[in-house]
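Beneath this line is the structure, given in structure tokens, with notes to follow.
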Amino acid sequence: MTVDVLELVRLRSHRPEAIAEAAARRPRRPLLNDNGRLMVVAADHPARGALGVGGHSTAMANRADLLERLCLALSRPGVDGVLATADILDDLLLLGALDGKVVLGSMNRGGLQGARFELDDRFTGHRPEDIERLGFDAGKLLLRIDYDDPGSLTTLESTARAVDAMAARKLPVFVEPFISRRDEQGRLRNDLSAEAVTKSIAIASGLGGSSAYTWLKVPVTDNPDDMAEVMATSTLPAVLLGGEVGDDQDGAYEKWRGALQLPTVCGLVVGRSLLYPVDGDVTAAVDTAVGLL
């Protein structure tokens with residue numbers, strides 16, 4: 001699909017109500033596919049100022065290019081849906097690309113990449129009432145915990161209240177937890193050791209007054225062989241996240257393949273590594289990931 005930016009701007013400027021109209025008539029489907037699996041393409045990075053892919057610091061900055069990549073990914077067999085912020089989902093609604101797809105609204109994007117307040121990840125995206133109003137299927141939130149940062153307690157509390165609000169509406173919420181810390185240069189790093197990922201899962205699973213609608217969105221550990229023990233920490237359904245784009249895409253696929261065999265792991269939510277693969281072939285990257293399921 002070639003995205004007509006002029007038409008999107010025309011609709012936004014002359015008929016902003018077209019977005020709500022497209023959401024209201026959007027055909028919906030169950031969260032999981034017939035095989036009980038879920039394959040979602042993620043594109044909520046730009047709203048956190050995270051535009052880089054590999055060595056290209058502004059790869060995701062061209063909105064028309066990103067939308068075309070998303071439309072291509074969503075058109076591939078086996079791709080169930082998309083995770084994004086309101087601006088991107090509104091464009092995809094106007095393009096008709098979300099019909100019959102699972103739609104996840106991204107809820108907290110306030111912890112801007114590289115900012116001193118990056119861990120103060122406030123809920124600046126979709127609210128539970130927005131997800132309900134638009135007829136979207138779920139929400140996603142990022143939970144990074146730094147044991148040396150007292151502000152992490154505020155993050156935990158706001159996350160718990162978001163979990164409560166989603167459960168009250170019977171809407172699934174995908175919680176993406178990390179134990180994080182700053183390195184000597186002050187950059188925030190996520191700890192992917194087995195111990196840290198285990199702790200993050202245990203903490204995230206207990207947030208809120210009900211876990212009935214809580215899902216986990218988890219990374220593969222540094223040592224993929226640790227995943228079986230790590231995922232035994234919770235009975236909550238989980239999906240794997242894709243992580244940073246690297247040169248060893250085949251290695252990433254193998255990490256996902258093994259973890260996808262675990263009983264609580266139901267699918268993948270992957271973004272940049274599929275939308276901006278090293279070889280540039282979005283179709284091949286997406287189809288390979290779907291094949292793992």
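In what follows, every heavy atom counts, from backbone to side chain, and hydrogens, waters and symmetry copies are set aside.
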## Note on the structure
Closest non-hydrogen atoms of Pro30 and Val102, given as atom of the first, atom of the second and distance, are O-CG2, 3.6 Å

#### Entry: Full working for side chain to side chain contact (heavy atoms under 4.5 Å, CB included) between Leu83 and Ser106
CA-CA 7 Å; Leu83 158 65; Ser106 188; 4.1 Å; yes

### Query
For the atom pair CG (Asp4) and CZ (Arg10), what is the distance rounded to the nearest 0.5 Å?
9.5 Å

### Message
Counting C-beta onward and ignoring hydrogens, is there a side-chain heavy-atom pair between Leu94 and Arg12 closer than 4.5 Å?
### Response
yes

### Task
Say whether Phe117 and Leu188 are linked into one hydrophobic cluster, either directly or through other cluster members, by side-chain heavy-atom distances under 4.5 angstrom.
no

### Query
With the 4.5 Å side-chain cut-off for hydrophobic clustering, are Val197 and Leu119 part of the same group?
no

### Task
Could you tell me which non-hydrogen atom of Pro128 sits nearest to which non-hydrogen atom of Leu171, and how far apart they are?
O-CD1, 4.2 Å

#### Entry: Partners meeting side chain to side chain donor-acceptor pair (under 3.5 Å) with Asp191 (sequence neighbours left out)
Arg181, Ser193

### Task
Give, for atom CG of Asn108 and atom CZ of Arg127, the distance between the pair rounded to the nearest 0.5 Å.
14.5 Å

### Task
For the pair Ser180 (side chain) and Asp146 (backbone), establish whether a donor and an acceptor sit closer than 3.5 Å, ignoring hydrogens and angles.
no

### Message
Nearest 0.5 angstrom please: Leu11 CG to Arg15 CZ, how far?
### Response
7.0 Å

### Task
Report the distance from atom CD1 of Ile203 to atom OG1 of Thr233, rounding to the nearest 0.5 Å.
11.0 Å

### Task
Mind jotting down which residue pairs meet the side chain to side chain donor-acceptor pair (under 3.5 Å) criterion with at least one end in residues 152-172? Sequence neighbours excluded, please.
Glu132-Arg169, Arg161-Asp164

### Task
State plainly whether the residues Arg144 and Asp120 are in salt-bridge range, i.e. N to O under 4.0 Å.
no

### Query
Between Thr85 and Ala47, what is the shortest heavy-atom contact and its length?
CG2-CB, 3.6 Å

### Task
Flag yes if Tyr213 and Leu104 sit in one hydrophobic cluster, no otherwise; membership is Ile, Leu, Val, Met, Phe, Trp, Tyr, and two members link when side-chain heavy atoms are under 4.5 Å apart.
no

### Message
By the salt bridge (charged side-chain N to carboxylate O under 4.0 Å, His left out) test, which pairs, at least two apart or in different chains, include something from residues 36-61?
### Response
Asp44-Arg109, Asp44-Lys140, Arg48-Glu118

## Note on the structure
Result for side chain to side chain contact (heavy atoms under 4.5 Å, CB included) between Leu67 and one of Val3, Leu72, Asn62, Thr2 points to Val3

### Least distance between heavy atoms, Gly78 atom then Met39 atom
O-CB, 3.4 Å

### Task
Would you please name every residue forming a salt bridge (Lys or Arg N to Asp or Glu O under 4.0 Å) with Glu184, sequence neighbours left out?
none

### Spacing of Leu134 atom CG and Leu93 atom CG [to the nearest 0.5 Å]
7.5 Å

### Message
Measuring only between side-chain heavy atoms, which start at C-beta, is Pro172 closer than 4.5 Å to Leu31?
### Response
yes

### Transitive ILVMFWY side-chain link Leu51 to Leu112, under 4.5 Å
no

### Task
May I ask you to establish whether Lys199 and Tyr147 are in a cation-pi arrangement, using a distance under 6.0 Å from NZ or CZ to the six-membered ring centre and at most 45° from the ring axis?
yes

### Query
Do Trp215 and Val175 pass the side chain to side chain contact (heavy atoms under 4.5 Å, CB included) test, and can you show the C-alpha distance, the side-chain angles, and the key distance before you say yes or no?
CA-CA 6 Å; Trp215 285 61; Val175 180; over 6 Å; no

### Task
Check for a donor-acceptor pair, side chain of Arg272 on one end and backbone N or O of Gly54 on the other, with a separation under 3.5 Å.
no

### Taking every non-hydrogen atom, the tightest pair across Ala259 and Val220
CB-CG2, 4.5 Å

### Message
Tell me the closest heavy-atom pair linking His14 and Pro16, and the distance in Å.
### Response
C-CD, 3.5 Å

### Query
Yes or no on side chain to side chain contact (heavy atoms under 4.5 Å, CB included) for Thr264 and Ser234, after CA distance, side-chain angles and deciding distance?
CA-CA 8 Å; Thr264 60; Ser234 175; over 6 Å; no

### Query
Have Asn223 and Thr221 got a donor and an acceptor in their side chains that come within less than 3.5 Å?
no

### Query
How would you list all residue pairs meeting salt bridge (charged side-chain N to carboxylate O under 4.0 Å, His left out) that involve residues 209-236, not counting sequence neighbours?
Glu176-Lys217

Name the atoms and distances for all side-chain donor-acceptor pairs under 3.5 Å in residues 285-293, with sequence neighbours left out.
unit_1 : atom_1 : unit_2 : atom_2 : d
Asp287 : OD1    : Arg76  : NE     : 3.0
Asp287 : OD2    : Arg76  : NE     : 3.4
Asp287 : OD2    : Arg76  : NH2    : 2.8
Thr288 : OG1    : Ala284 : O      : 2.8

### Query
Mind checking whether Leu70 and Leu275 have side chains closer than 4.5 Å, heavy atoms only?
yes

### Task
Check the pair His126, Leu89 against side chain to side chain contact (heavy atoms under 4.5 Å, CB included), reporting the backbone distance first and the verdict last.
CA-CA 11 Å; His126 286 101; Leu89 292 182; 3.7 Å; yes

### Query
Is Asp87 paired with Arg63 through a side-chain N to carboxylate O contact shorter than 4.0 Å?
yes

#### Entry: Spatial distance of atom NE2 (His45) from atom OH (Tyr276) [nearest 0.5 Å]
10.0 Å

### Query
Can a salt bridge be assigned to the pair Arg28 and Asp99 using a cut-off of 4.0 Å between side-chain N and carboxylate O?
no

### Task
Decide yes or no for Phe174 and Leu38: does some side-chain heavy atom of the first lie under 4.5 Å from some side-chain heavy atom of the second?
yes

